[in-house]
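Notes to accompany the following structure.
In each ligand, atom 1 is the first atom listed, and ligand 1 is the first ligand listed.
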Amino acid sequence: MLKPRRCIEQIKPYHSPISDPQPDLRLDLNENTTGCSPRVLAKMRSLSGKKMALYPPREPGEKLVAEFMGLKPEQVMLTNGADEGIDLLCRAYVETGDEVLFSTPGFPMYEIFGRSAGGEIVKVPAGPEYSFPTAQVLAKISPRTRVIIICNPNNPTGIAVSRSEILQILQAAPEAAVLVDEAYFEFYGESMVDQIGHVPNLFITRTFSKAYGLAGVRIGVLCGPADQMSAIRRMVSPFNLNTFAMECLQEALADKEFVSAYVSQVKSTRSWVSSQLEALGFECWPSRTNFVLCRIGENKKSFLADLRARGIGLRDRPDCEGCVRITIGTQAEMERVIREIQQVIGRRPAERVTR
Ligand code: PMP
């Protein structure tokens with residue numbers, strides 16, 4: 001009988017919230033609820049049928065992104081979302097039985113891509129208050145560690161790790177590809193990008209799915225040392241990005257005002273949301289992203305179901321005890337969320353458990 005590889009059989013399927021019936025306010029995938037830049041949309045609308053018939057070259061977009069990030073085009077590869085970059089990196093460096101190391105709670109695709117590459121997964125639990133467990137990660141580095149992924153700031157906690165700790169890990173694991181996942185970079189503002197090419201095992205991934213509002217278009221970036229990137233380039237489809245993605249890049253990068261206005265709105269709404277939730281008795285972690293992790297307590301399931309019945313989808317995080325992850329939408333959307341939460345818990349005030 002036909003059987004997939006054993007490592008594939010071990011993968012637990014990723015359950016996307018978008019397979020469920022859709023709430024009218026979706027705050028469960030850290031998408032930009034305001035949409036993409038109008039300049040990007042105008043560009044897409046202007047595309048001709050002729051353009052659609054052609055395979056899109058990737059290189060012009062890589063030049064643009066490299067310039068934007070202050071890198072050389074040889075250090076940059078565009079990917080079909082950051083997801084593809086993580087997958088390619090695992091497949092490029094992991095032999096069967098090698099170790100893929102990351103901290104938990106974390107982004108679930110690390111495990112899926114690590115396992116698909118045949119890797120053994122080494123999970124290092126976060127420290128107190130979900131701090132990055134640098135000492136424990138260092139202690140877990142072994143001769144078989146081939147990929148280390150550091151999500152900075154981390155999904156789902158929103159917590160960041162310092163540059164010096166990342167450098168320590170890079171130095172301690174010269175035989176491993178160390179990927180810093182900067183999916184939420186625009187909200188955090190700090191990056192390791194200046195070290196690309198200087199540190200021989202450093203890779204970074206970024207995405208246009210969050211701050212740029214282009215999750216549906218699928219544009220990610222993987223960067224690393226030129227010699228390593230040339231190996232990874234051998235594995236990738238020459239046409240992994242579609243024409244919409246390639247054609248809208250220039251406008252997306254040029255419309256800096258769109259990104260900065262969205263980021264500053266998210267930051268101010270995020271602090272308002274956290275203070276409101278805390279005033280209601282729910283603990284929140286200080287986030288550097290476009291979402292907030294919030295501890296609801298043991299009534300989390302009914303809390304989520306009640307909000308969903310009112311048209312609001314939040315993300316359950318079973319890996320963070322009693323917690324949900326809430327994407328930050330517009331101020332008006334979040335005022336609605338807080339109103340609905342007040343009503344939901346108002347009906348069951350005695351059940352308002354925090355820890
Ligand atoms: N890394 C992290 C930490 C993420 O949260 C996400 C998306 N949720 C991704 C990577 C993947 O992003 P993309 O849409 O670019 O594939």
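The nearest pair of heavy atoms linking Val137 to Ile169 is CG1-CD1, 4.0 Å.
Protein heavy atom at the shortest distance from atom 12 (O) of ligand 1 is Ala82 CB, 3.8 Å. Among protein heavy atoms, atom 6 (C) of ligand 1 sits closest to Phe107 CZ, 3.4 Å. Of the protein's non-hydrogen atoms, Asp83 OD1, 3.3 Å is the one closest to atom 11 (C) of ligand 1. Protein heavy atom at the shortest distance from atom 16 (O) of ligand 1 is Arg218 NH2, 2.7 Å.
Scanning Thr207, Asn154, Thr289 for the heavy atom closest to atom 15 (O) of ligand 1 points to Thr207.
Between Thr134 and Glu165, the side chains place a donor N or O and an acceptor N or O closer than 3.5 Å (distance only, hydrogens not considered). For the residue pair Glu186 / Tyr262, no side-chain donor-acceptor distance below 3.5 Å is found, with atom types taken as modelled.
For the ligand labelled ligand 1, residue Met109 lies outside the 4.0 Å heavy-atom shell. Residue Asp181 places a heavy atom under 4.0 Å from ligand 1. Distances from ligand 1 to the non-hydrogen atoms of Phe208 include no value under 4.0 Å.
Among the atoms of Tyr110, none of the N or O lies under 3.5 angstrom from an N or O of ligand 1.
Below 30°, between 30° and 60°, or above 60°: for Tyr184 and Phe291 the angle between ring planes is above 60°, a perpendicular geometry.
Within the listing of ligand 1, atoms 3 (C) sit less than 4.0 angstrom from a heavy atom of Cys151. Atoms of ligand 1 found under 4.0 Å from any heavy atom of Lys210, numbered from 1 in the order shown, are 7 (C), 8 (N). When each atom of ligand 1 is checked for a heavy atom of Ser209 under 4.0 Å away, the hits are 13 (P), 14 (O), 15 (O).
The existence of a salt bridge linking Lys63 and Glu74 is excluded, since no basic side-chain nitrogen approaches an acidic carboxylate oxygen closer than 4.0 Å.
A cation-pi contact, defined as under 6.0 Å to the ring centre and within 45° of the axis, is absent between Arg288 and Tyr188.
The side chain to side chain donor-acceptor pair (under 3.5 Å) analysis of residues 198-208, with sequence neighbours excluded, yields the pairs Glu182-Arg206, Ser191-Arg206, Thr207-Ser209. Legend: ring pair (Phe, Tyr, Trp, His ring centres under 6.0 Å) pairs involving residues 304-334, not counting sequence neighbours: none detected.
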